[in-house]
Protein chains: 2
Amino acid sequence: MKPRETPIGLLLAQTAKVVGQAFDDTLAAAGGSTSTWLVLLALMRGSHRTQRDLAAEVGVRGPTLTHHLNGMEQAGLLTRARRPDNRREHEVALTDGGRALFHRLRSAAAAHDVRLRQVFDPHELETLRALLGRMAQTVRPPASAGRGLEEA
Amino acid sequence: MKPRETPIGLLLAQTAKVVGQAFDDTLAAAGGSTSTWLVLLALMRGSHRTQRDLAAEVGVRGPTLTHHLNGMEQAGLLTRARRPDNRREHEVALTDGGRALFHRLRSAAAAHDVRLRQVFDPHELETLRALLGRMAQTVRPPASAGRGLEEA
DNA sequence: TATTGTTATACTCTATAACTATA
DNA sequence: TATAGTTATAGAGTATAACAATA
């Protein structure tokens, strides 16, 4: 009876749990959270127009984004206003406070990343990136790849 | 201006999110969930005596474990009874239904793992294991390692 | 008193369904 | 009607504080 290796999926899940928790803690200490960080990051990138785009970028559904935006707006991090040219669409704009938090969280996230990187040499880091990238694509084929799993 | 690489922490978080979601879906399709799976796994391992041990093994606090055990007991997956020798401690025992679900989820998890493994050769898999292991230890030093970060 | 576990309560993140406002 | 976003509601997972039971 060979001593079964931990399934790679379980190992990844466990790793993600502790690493993710550590990341949460880091951001919390800087006055934020992972979801706030992801929203701020997407807003700063600016590669969106509608909240739908934004939600997709953050990786959540519309109501979930609305939920986060509500909290962030109340915290004075951003404002929402209907676009004059198409009043269905809402323009989400960061306030100075929002930008300030972004920078603080970015520093915290960067410091966290430095810690993570410290145990890897550049080659390992690249290897890890590549492997994680392939793993992600394994479970989530890049959008327009066709499903072809159950439909054969 | 170099086009900043995605921080490794963020990449790991994103990967974990999609891979974890896929794993959840897999288990849900088999009639379970990740937390149920982790509890079943720990129970089958049997390397615990008290619920405290069990909670630690699963990676949650006491009340969270109680919460899950409540649901699983109601679902007929397990029973709880005070130990005669020390009535403070509760013996958690899987029912036939619990064991059946364990096997079903194990199959589902195994199938999921096969999919994940398909994109890696054995060497890559070993590399990935090693890198993930070191990453986990970076943020969560193995228990009795001493903290020595803020206390220098 | 110390240990084991539960109850009460609450928070975060997420989602679906139904709704409003606009086009 | 179709699209953008919000509201209402719910559920899963987690936690802390206070409690009960047992030793």
Side-chain angles (χ1 to χ4, degrees), chain A residues 13-14 16-18 20-25 27-28 31-40 42-43 48-75 78-93, chain B residues 13-14 16-18 20-29 31-40 42-43 48-75 78-93:
Chain A
Q14 290 171 333
K17 184 171 185 175
V18 297
Q21 186 57 56
F23 189 59
D24 285 349
D25 293 347
L27 293 182
S33 68
T34 298
S35 55
T36 297
W37 169 237
L38 291 178
V39 173
L40 288 175
L43 286 173
H48 66 280
R49 195 188 74 247
T50 64
Q51 285 187 194
R52 303 195 72 172
D53 298 340
L54 196 56
E57 206 171 328
V58 173
V60 298
R61 299 306 182 89
T64 301
L65 180 65
T66 294
H67 173 72
H68 292 314
L69 293 183
N70 286 345
M72 294 172 72
E73 186 173 34
Q74 262 205 270
L78 53 82
T79 59
R80 280 180 286 187
R82 289 183 184 281
R83 281 228 167 70
D85 51 312
N86 183 342
R87 293 181 41 77
R88 280 181 301 196
E89 299 180 355
H90 293 196
E91 165 139 38
V92 180
Chain B
Q14 290 170 333
K17 184 170 185 174
V18 296
Q21 186 57 55
F23 188 59
D24 285 349
D25 293 348
T26 295
L27 293 183
S33 67
T34 298
S35 55
T36 297
W37 170 237
L38 291 177
V39 173
L40 289 176
L43 286 173
H48 65 280
R49 194 188 76 247
T50 64
Q51 285 187 195
R52 302 195 73 173
D53 298 340
L54 196 57
E57 206 172 327
V58 173
V60 298
R61 299 305 182 89
T64 301
L65 179 65
T66 294
H67 173 71
H68 292 315
L69 292 183
N70 286 345
M72 294 173 72
E73 187 173 32
Q74 263 206 267
L78 52 83
T79 59
R80 280 181 287 186
R82 289 183 183 279
R83 280 227 167 71
D85 52 312
N86 183 342
R87 294 182 41 78
R88 279 180 303 197
E89 299 180 355
H90 293 198
E91 165 139 39
V92 180

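So that the names make sense, note that chain A is the first sequence line, chain B the second, and so on, each numbered from 1.
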* **Strand contacts (DNA chain D) in residues 82-93 of chain A, 4.0 angstrom heavy-atom criterion** => A/Arg88, A/Glu89, A/His90
* Structure fact -> Separation between CZ (A/Arg83) and NE2 (A/His90), nearest 0.5 Å, reads 10.5 Å
* Report yes if at least one side-chain N or O of A/Gln51 is closer than 4.0 Å to OP1 or OP2 of D/dT6; otherwise report no. => yes
* Structure fact -> Looking only at heavy atoms, the pair that brings B/Val60 and B/Leu65 closest together is CG2-N, 3.9 Å
* Asked: Any side-chain N or O of B/Ser33 less than 4.0 Å from the OP1 or OP2 oxygen of D/dA12?
  -> no
* A/Thr34 near the nucleic acid: base, sugar-phosphate alone, or nothing, with a heavy-atom cut-off under 4.0 Å? -> nothing
* Near DNA chain D, which residues from residues 57-72 of chain B have a heavy atom under 4.0 Å away? -> B/Val60, B/Arg61, B/Pro63, B/Thr64, B/His67, B/His68
* Calculate the interatomic distance between B/Gln74 atom CD and D/dG11 atom P; express it in whole Å. => 14 Å
* **Name of the residue among A/Asp53, A/Leu43, A/Leu38 meeting side-chain contact (heavy atoms from CB on, under 4.5 Å) with A/Val58** => A/Leu38
* salt bridge (Lys or Arg N to Asp or Glu O under 4.0 Å) against A/Arg49, all qualifying residues, sequence neighbours excluded -> A/Glu89
* To do: Using a cut-off of strictly less than 4.0 Å, decide whether B/Thr50 has a side-chain nitrogen or oxygen near OP1 or OP2 of C/dG5.
  => yes
* Atom pair CD (B/Glu57) and CZ (B/Arg52), whose distance is rounded to the nearest 0.5 Å -> 15.0 Å
* Do you see a donor-acceptor pair shorter than 3.5 Å between the side chains of B/Asp25 and B/Gln21? -> yes
* Quick one: OG on B/Ser35 to CE on B/Met72, what's the gap to the nearest 0.5 Å? -> 8.0 Å
* **Spacing between B/Leu54 atom CG and C/dT6 atom P, to the nearest angstrom** => 11 Å
* Any side-chain N or O of B/Lys17 under 4.0 Å from OP1/OP2 of C/dT14? -> yes
* Rounded to the nearest 0.5 Å, how far does CG of A/Leu78 lie from CG of A/Leu69? -> 6.0 Å
